[in-house]
Amino acid sequence: MRNKTKLIGNVASPYTRKMIAYLRYKRIPFEVIWGQPEEVLEKMNIQPPKPVLLPVFILEKEGEEQAVTDSTPLIRYFENLYPERSVLPKNPVMNFINYVLEDFGDEWCTKYMFHYRWHFEEDADNAGTILPLGINSTLSDKDLSFFKEYFAKRQIERLWVVGSSDNTAEFIDRSYKTILSIFEKHFKEQPFLLGCNPSSCDFAVYGQFTQLIGFDPTPRRIAYEISPRTVAWVSTLEDRGGLEFSAEENTLDNLSESIHDLFKELSISYIPTMIENHRAISNGEKEWKVDLDGYQWKQKSFPYQAKCLDWIRAEYQNLASDHKKDILNFLKDNNCESLVEKV
Ligand SMILES: N[C@@H](CCC(=O)N[C@@H](CS)C(=O)NCC(=O)O)C(=O)O
């Protein structure tokens with residue numbers, strides 16, 4: 001029997017929650033160490049990854065333990081080791097749609113998360129208190145109040161880095177509410193985003209929504225008002241180890257209307273920001289601006305997100321020509337073709 005998979009994470013980290021729910025669904029034995037990766041890895045005498053992000057997995061590779069991050073390639077690594085209960089659709093067209101939606105969860109829904117966590121006083125106050133306690137619940141009151149101020153100040157100052165500001169608050173709020181309305185319609189028809197089984201995109205979106213619904217007061221209130229079905233989907237996806245796997249898969253032809261609606265929302269939010277970020281990185285610009293439906297979006301350039309767009313385009317290029325045609329038609333129908341066609 002293989003050793004248990006070890007990971008270091010935090011309950012308030014969406015990507016940690018994405019991976020734990022994934023491991024449970026896959027029935028992969030694991031041990032989670034709630035803590036700070038640098039401290040834990042030093043004790044274990046393992047080199048920290050660069051950069052250190054949460055979660056950090058400790059994997060046995062080439063006969064030694066290595067610290068590895070990045071949930072999207074990690075899921076592909078585990079899928080190779082444990083092909084049962086696959087979270088990657090077999091149909092290449094659906095697999096591509098899943099890949100895009102996974103990235104949307106990781107790279108766009110995280111903006112809702114960071115924005116609501118630190119933009120309003122009530123949420124920042126909650127996060128400032130609970131985050132340090134999540135790392136050490138026995139902190140003295142004096143240390144807690146020091147860390148609360150330190151964390152909150154640092155994160156509020158970083159809001160603009162991901163595009164959240166007074167200029168974009170309304171746009172982010174509108175996008176979050178649109179997604180919730182689409183999900184409400186969707187989960188009335190199907191239990192998961194792409195059918196009867198959860199796909200990797202469910203886990204990515206779920207990770208961010210564990211925070212929006214389970215941690216931060218403002219987005220929680222909004223979600224309960226707009227989409228009780230999303231609330232239920234988040235609560236149950238936490239542990240779907242007991243779900244029977246179904247061999248049935250959706251295809252592009254019977255894809256729900258709500259997934260088309262979801263891509264229409266991506267076309268005015270996630271896609272233009274990914275493209276503009278990619279352009280800025282290619283031109284060596286440190287920050288960039290784009291008009292999103294009349295809102296002036298400004299943020300720092302992220303090399304990682306430029307890589308994400310390259311990966312999506314590579315996935316598309318690797319498809320057979322018939323599948324490429326189907327995808328392009330689907331993307332065009334939803335104003336999303338710039339995702340794969342350089343403009
Ligand atoms: N692409 C990475 C993202 C991981 C990530 O950004 N984790 C956050 C916590 S949820 C983090 O460690 N942030 C630290 C920082 O930005 O300084 C993944 O999918 O695992």
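Position 1 is the first residue of the sequence, and the numbers go up from there. Read the numbers this way: they start at 1 and go in the same order the structure lists the ligands and their atoms.
Distance from atom 16 (O) of ligand 1 to its nearest protein heavy atom, with residue and atom name: R158 NH2, 3.5 Å. Among protein heavy atoms, atom 20 (O) of ligand 1 sits closest to S71 N, 3.0 Å. Protein heavy atom nearest atom 13 (N) of ligand 1, with residue, atom name and distance: L53 CD2, 3.8 Å. Protein heavy atom at the shortest distance from atom 6 (O) of ligand 1 is Y15 CE1, 3.6 Å.
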message: Please evaluate residues F30 and K4 with respect to the criterion side-chain contact (heavy atoms from CB on, under 4.5 Å), reporting the C-alpha separation (whole Å), side-chain torsions for both, the decisive distance (0.1 Å), and the verdict.
response: CA-CA 5 Å; F30 68 94; K4 277 189 183 165; 5.8 Å; no

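Of the candidates T69, V56, V162, D70, the one placing a heavy atom closest to atom 1 (N) of ligand 1 is D70. Looking at V52, L54, T110, it is L54 that brings a heavy atom closest to atom 7 (N) of ligand 1.
Side-chain contact of D106 with T72: a donor-acceptor pair under 3.5 Å is present, judged by distance alone. There is no side-chain donor-acceptor pair under 3.5 Å between T230 and E184.
By the 6.0 Å and 45° rule, K298 stacks over the aromatic ring of W160. The side-chain tip of R220 does not point at the ring of F215 from less than 6.0 angstrom away and within 45° of straight on. Judged by the 6.0 Å and 45° rule, K177 forms no cation-pi pair with Y112.
Residue N45 places its CG atom among 12 or fewer non-hydrogen atoms of other residues, nucleotides or ligands, all under 6.0 Å distant.
Between Y304 and ligand 1, a contact under 3.5 Å exists for at least one N or O pair. Below 3.5 Å of separation, one finds no N or O of K18 facing any N or O of ligand 1.
Remark: ligand 1 atoms within the under-4.0 Å shell around heavy atoms of P14 are 10 (S).
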